[in-house]
Amino acid sequence: MLLGGDNFVMKGGDMVSGRSGAMLSYVVNVSLRRLELVLGDITEQAVDVIVNAANRRLAGGGGVDGAIHRCGGAAIMKETREKYPDGCKTGSAVASNAGNLKAKYVFHAVGPNWYYEPDRFDLLGLAYGSCLKLAVNLGCRSVVFPSISTGSYGYPIAESSVVAIKTVGDFLKSVDGVNSSLEFVRFCLFSESDFAVYRESVDNYCKDN
Ligand code: AR6
């Protein structure tokens, strides 16, 4: 059984400085580690790793990519240009410094474009999974993801959240008993409706596992 005892903890009403005023968060235990949902702006997160929803050229762009480069500063792009001149394949991720953000690293993950990638389901899972492996290899304690591919890349959020939650949940189970530094994986959702969709996917995952 994946979940035991008092696993669902709804924390409502904590005040934060995010754009929505009151912060919503939802936390479940997956084996020894936590899977968390929060509502807010990912650039305000204080964690070891902030994941960026990047493009293959690592060229920056709009959405969460634009926000991360804007808030993180030029040091992030400087490093990605030097270290990854060929960019990053869809379904993969690479690490850079986090510039001015309250994190040790930014992981630039490239999710699939819903309209152009026939293997989008697998590629989305691989994008999340690449970040999780990288985080463990770099000895990180905490990772925060945006909802990869569900903005410009058009992946319907209900479908993508199932892939995201399953990939993270299964990964957390797979590192059970492994002496890894990882403590929690968080999704930072940008709207209340996105938060609600992810919450439903978490509940369904927990029921099925
Ligand atoms: N904090 C948290 N989530 C955010 C934020 C934020 N500050 N800003 C947007 N989101 P998108 P994609 C949510 O378009 O679909 C870029 O131009 C947003 O509401 O950022 O993977 C890249 O350069 C949505 O739910 O990423 C690529 O070319 C989610 O983040 C392309 O877009 C992802 O939306 C990648 O497209």
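Both ligands and their constituent atoms are indexed starting at 1 by order of listing.
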Could you walk me through whether Thr90 and Glu117 pass side chain to side chain contact (heavy atoms under 4.5 Å, CB included), step by step? CA-CA 9 Å; Thr90 305; Glu117 318 254 16; 3.7 Å; yes
Could you give me the CA-CA distance, side-chain angles and deciding distance for Lys173 and Asn209, then say whether side chain to side chain donor-acceptor pair (under 3.5 Å) is met? CA-CA 10 Å; Lys173 280 195 285 176; Asn209 288 272; 2.9 Å; yes
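Under a 4.0 angstrom heavy-atom cut-off, Gly66 registers as lying outside contact with ligand 1. For Thr150, the closest heavy-atom approach to ligand 1 falls below 4.0 Å. Contact analysis leaves Gly111 out of contact with ligand 1, as no non-hydrogen atom separation drops below 4.0 angstrom.
The protein atom (non-hydrogen) at minimum distance from atom 29 (C) of ligand 1 is Ser147 O, 3.2 Å. Scanning all protein heavy atoms for the shortest distance to atom 21 (O) of ligand 1 gives Ser149 N, 2.8 Å. At the top of the distance list for atom 13 (C) of ligand 1, counting protein heavy atoms only, stands Phe190 CB, 4.0 Å. With respect to atom 20 (O) of ligand 1, the closest heavy atom belonging to the protein is Val64 N, 2.8 Å. Atom 7 (N) of ligand 1 has Asp41 OD1, 3.0 Å as its closest protein atom, hydrogens excluded (heavy atom only).
No continuous path of ILVMFWY side-chain contacts below 4.5 Å connects Tyr155 to Ile42, so the two sit in separate hydrophobic clusters.
For CZ of Phe121, the number of neighbouring non-hydrogen atoms (other residues, nucleotides, ligands) closer than 6.0 Å is 12 at most. The environment of CD in Glu200 is sparse: at most 12 heavy-atom neighbours from other residues, nucleotides or ligands sit within 6.0 Å.
Within the 4.5 Å cutoff, side-chain heavy atoms of Val38 are placed close to those of Arg186. In this structure, the side chains of Asp48 and Val143 stay at 4.5 Å or more apart for every pair of heavy atoms. Trp114 is not listed as a side-chain neighbour of Ser149, based on a closest heavy-atom distance of 4.5 Å or more. With contacts defined as side-chain heavy-atom distances shorter than 4.5 Å, the pair Val51/Val106 does not qualify.
At a 3.5 angstrom cut-off on N or O pairs, Thr43 does not count as close to ligand 1. Taking distance alone, with nitrogen or oxygen atoms compared against 3.5 Å, Gly62 approaches ligand 1 more closely than that limit. At a 3.5 angstrom cut-off on N or O pairs, Ala67 does not count as close to ligand 1.
With a 4.0 Å heavy-atom cut-off, ligand 1 is reached by no atom of Ile157.
Side-chain polar atoms of Tyr205 and Asp170 form a donor-acceptor pair below 3.5 angstrom.
Across the listed options Asp65, Ile42, Asn113, Ile42 owns the non-hydrogen atom lying nearest to atom 1 (N) of ligand 1. The nearest non-hydrogen atom to atom 14 (O) of ligand 1, considering only Ala127, Gly154, Gly63, Ser152, comes from Ser152. When the options Phe145, Phe187, Tyr153, Trp114 are ranked by their closest heavy atom to atom 36 (O) of ligand 1, first place goes to Tyr153.
Ring geometry for Tyr128 against Phe145 counts as perpendicular: the plane angle is over 60°, on a 0 to 90° scale with 30° as the lower cut.
For atom 24 (C) of ligand 1, the nearest protein heavy atom lies under 4.0 Å away.
Of all atoms in ligand 1, listed by their number and element, those nearer than 4.0 Å to a heavy atom of Gly61 are 17 (O), 23 (O).
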